[in-house]
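Along the sequence shown, residues are numbered consecutively beginning with 1.
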Amino acid sequence: MIQLMSRWGEALDKEKVWQEYPRPGLVRDSYLNLNGQWDYCINQSEYTDTYDGKILVPFSPESVLSGVERQVGPEQFLHYKKCFRLPEGFLRDRVILHFGAVDQECEVYLNGVWIGGHKGGYLPFHFDVTDALKEENVLTLRVTDQTELQPHARGKQKLVKKGRFGSLFYTPQSGIWQTVWLESVPADYIEWVKITPLYDESAVRIRLKAVHAKASAGMAGCAGECAGGTAGVRTEECAGSIRTVSTEGTVRTDCAENEQHMNVERCTGQKAQVVIFDGGQAVAKAQLAPGRDAVIQLEGFRSWSPEDPHLYDVKITMGQDEVFSYFGMRKVSVGRDKSGILRFFLNNQPYFFNGLLDQGYWPESLMTPPSDEALVYDIKKLKEMGYNTIRKHVKIELERFYYHCDRLGMIVWQDMPNGGGEYNMVFVTYLPNLSDRFARGTKDNHYEMFKRADTEGRRQYYRDLAGMVKHLYNYPCIVTWVPFNEGWGQFDAKKATEKLRRMDRSRLINEACGWFDQKGGDMHSIHNYNHRLVTKPKDDRVVALTEYGGYAYPVKGHIACEKEFGYRHYSSSEELTANYRRLWEEEIFPNVERGLSAAIYTQVSDIEEEINGIMTYDREIVKLNPETVSGLNQRLYEDFRCAAGVR
């Protein structure tokens, strides 16, 4: 591997790493960032009294920016230690410890007291740590990460890469990879807010979950009935699962896979005051009880779209607690255009989703962007070139990514990170690329073939799926859920779609992206890298080209690996741009009038062996000519408006 470094990695201030507020959808003025230098140890023991050195959190030990550059093996333990004091005046009634994400499994201790555990590398989790706090505090974690050796969600991470299509997978990472932080809250506080725009009703529906912390002292939030005061029991909640451990050692894990789990408030009778602001001016007010819906009218509202990403601010006050959120008024749906062809609709008008596949990897920091500015750069650059959509590929990104997409105006298709066993690449990649008919004729209830034989792994998938929806529900930029990609750990896709429908009826679903189509969801999804694309309208679903292109151009001095992967190879920016134009003129433009309503090009940047990005891995070079791309995009939108009869 040739180590590349982006400009943001070069400029990193190790004393001020990722200081931005990590949860833009629910902001409270209490915030203590714990990123920075921690002690670490990698060993083969569950315990350690000594540490190997310092690690820069939130970067994983496999990354350069962490200062460690060591791989954590499946048989090893990764230990962390952080000493801290609470600032004077920080403590109110309770203190909540938050982890943005820890890959894959961890146990958390504060001052030697076990606080809780968590499974899954992509979702946030938190604990009420008040009762374990001291004047001087020692926070420790024990982490294990087995990547593809366990059925957990892992995305593109892989320990061992084999064959030509091994290049599709990347360096695995472990441990803490998103911000660790503390907040202090009153005894009665708002834990979660759910905001649903009701576009056709000129209204917004708001529901909140509140916690009476004194009744559950020593416990973290439970997404179910109040367990306050239960002797000898600790409860831990993440966005997708709850783990309860009694003093007798009995473990019960409840699946938060439906909307009922997401909407339960506990043990507080207080009412909350809601004020909605537009540009700093209050435009609507309401009172609501935790656990119940409040529908607030917004007559004459302004829509959210990539062309006009208008957002409304929300202030919610409940007793001594005050939080801030926001939302956008937008609607996504499926309907028929002037010719009776099924199309995607945004705000009741036919809309073409035109964008790129985004893996969210960085050469110096893997899945953690080197800085907030780096995160913004990718979004802005794509906007400048005329794209309106990012498909976030088998990764749940930092919340600030979705916030920036909301405010800048970038639509997101959100993939569920794939998991399961070691994939048979002949079955899930070689054969489908050769024959689309083979893939679409295969049922996904053959668990062994799709490497989903592990029963608990399938249960974990549903917990993680529910957790992803709950975690990201309020971000208006997200318009599509993608539960499975290309048969990687796919199983019972129709069941997953049914669960998604129950959890969120406000978004589209791409049930089985690419192939192994089970004929559900909202789109007939096509991955096409090798054949001439000719589409025709479908009677039941919208036609979407959800991956295509993947054209490679190695830029000297900006390549991370000697091995190079792409679907077609070119030797200059001019040659690459000319063939990108040819691809659009031969396969994109002609298919618009034949029902094509989305196109997702592979991909935003090069990553390790893959050199098929429109930018280099370090984001220093834009390989396609931006003016040419912008012109093609504008022509696409004009052709689509004409074909679909957009007013």
Testing Arg501, Lys538, Arg507, Arg541 one by one against Asp522 for a salt bridge (charged side-chain N to carboxylate O under 4.0 Å, His left out), which residue passes?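 Of the listed options, the one satisfying the test is Arg501.
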NZ/NE/NH1/NH2 to OD/OE distance under 4.0 Å, [X] and [Y]:
| X | Y | value |
| --- | --- | --- |
| Lys623 | Asp606 | yes |
| Arg635 | Glu638 | no |
| Arg7 | Glu620 | yes |
| Asp415 | Lys392 | no |
| Lys331 | Glu201 | no |
| Glu608 | Lys161 | yes |

When you check the side-chain N and O atoms of [X] and [Y], is any donor under 3.5 Å from an acceptor?
| X | Y | value |
| --- | --- | --- |
| Asn348 | Tyr199 | no |
| Glu511 | Thr497 | yes |
| Asp103 | His152 | no |
| Glu587 | Asn591 | no |
| His310 | Asp278 | yes |

Restricting to non-hydrogen atoms, name the atom on [X] and the atom on [Y] that form the minimum distance, rounded to 0.1 Å.
| X | Y | value |
| --- | --- | --- |
| Pro363 | Gln3 | O-NE2, 3.0 Å |
| Leu298 | Met329 | CD1-SD, 4.2 Å |
| Ala643 | Glu593 | CB-CA, 4.2 Å |
| Pro306 | Tyr351 | CG-OH, 3.3 Å |
| Glu397 | Tyr402 | N-OH, 3.0 Å |
| Arg330 | Val479 | NE-CG1, 4.1 Å |

How many angstroms lie between atom [atom1] of [X] and atom [atom2] of [Y], to the nearest 0.5 angstrom?
| X | Y | atom1 | atom2 | value |
| --- | --- | --- | --- | --- |
| Met416 | Asn510 | CE | CG | 15.0 Å |
| Tyr553 | Ile614 | OH | CD1 | 14.5 Å |
| Thr616 | Ile611 | OG1 | CD1 | 11.5 Å |
| Lys156 | Gln359 | NZ | CD | 3.5 Å |
| Leu356 | Ser605 | CG | OG | 10.0 Å |

Any heavy-atom pair between the side chains of [Y] and [X] that's under 4.5 Å?
| X | Y | result |
| --- | --- | --- |
| Val376 | Leu408 | yes |
| Phe345 | Val334 | no |
| Ser63 | Thr368 | no |

Sidechain-backbone polar pair: Asp313 side chain, Tyr326 backbone, donor-acceptor under 3.5 Å: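 No; zero donor-acceptor contacts below 3.5 Å.
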Backbone N or O of Ser6 within a donor-acceptor pair of the Glu364 side chain at under 3.5 Å?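 Side chain of Glu364 to backbone of Ser6: a pair is present.
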Applying side chain to side chain contact (heavy atoms under 4.5 Å, CB included), run through Asn354 and Tyr637 and close with a yes or a no. CA-CA 9 Å; Asn354 171 37; Tyr637 301 138; 3.0 Å; yes
Please tell me whether [X] and [Y] form a close aromatic pair, meaning their ring centres lie under 6.0 Å apart.
| X | Y | answer |
| --- | --- | --- |
| Phe491 | Phe516 | no |
| Tyr580 | Trp584 | yes |
| Tyr475 | Phe401 | no |
| Tyr601 | Tyr548 | yes |

Hey, mind stepping through Val592 and Phe352 against side chain to side chain contact (heavy atoms under 4.5 Å, CB included) and telling me if it holds? CA-CA 9 Å; Val592 170; Phe352 196 101; 4.3 Å; yes
Quick one: sort the [X] and [Y] rings into parallel, tilted or perpendicular, breaks at 30° and 60°.
| X | Y | result |
| --- | --- | --- |
| Phe169 | Tyr423 | tilted |
| Phe427 | Phe450 | perpendicular |
| Phe327 | Tyr312 | parallel |

Greater than 12 external heavy atoms within 6.0 Å of Lys536's NZ: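 Not buried by this count: 12 neighbours or fewer within 6.0 Å.
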Enclosure of Lys380 NZ (heavy-atom neighbours >12, cutoff 6.0 Å):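 Result for NZ/Lys380: open.
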Glu498: side-chain contact (heavy atoms from CB on, under 4.5 Å) partners, not counting sequence neighbours: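 By the side-chain contact (heavy atoms from CB on, under 4.5 Å) rule, Glu498 matches Arg502.
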For Ser305, check side-chain contact (heavy atoms from CB on, under 4.5 Å) against everything at least two apart and list the hits.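 For Ser305, the residues satisfying side-chain contact (heavy atoms from CB on, under 4.5 Å) (neighbours in sequence not counted) are Glu307, Asp308, Leu346, Asn347.
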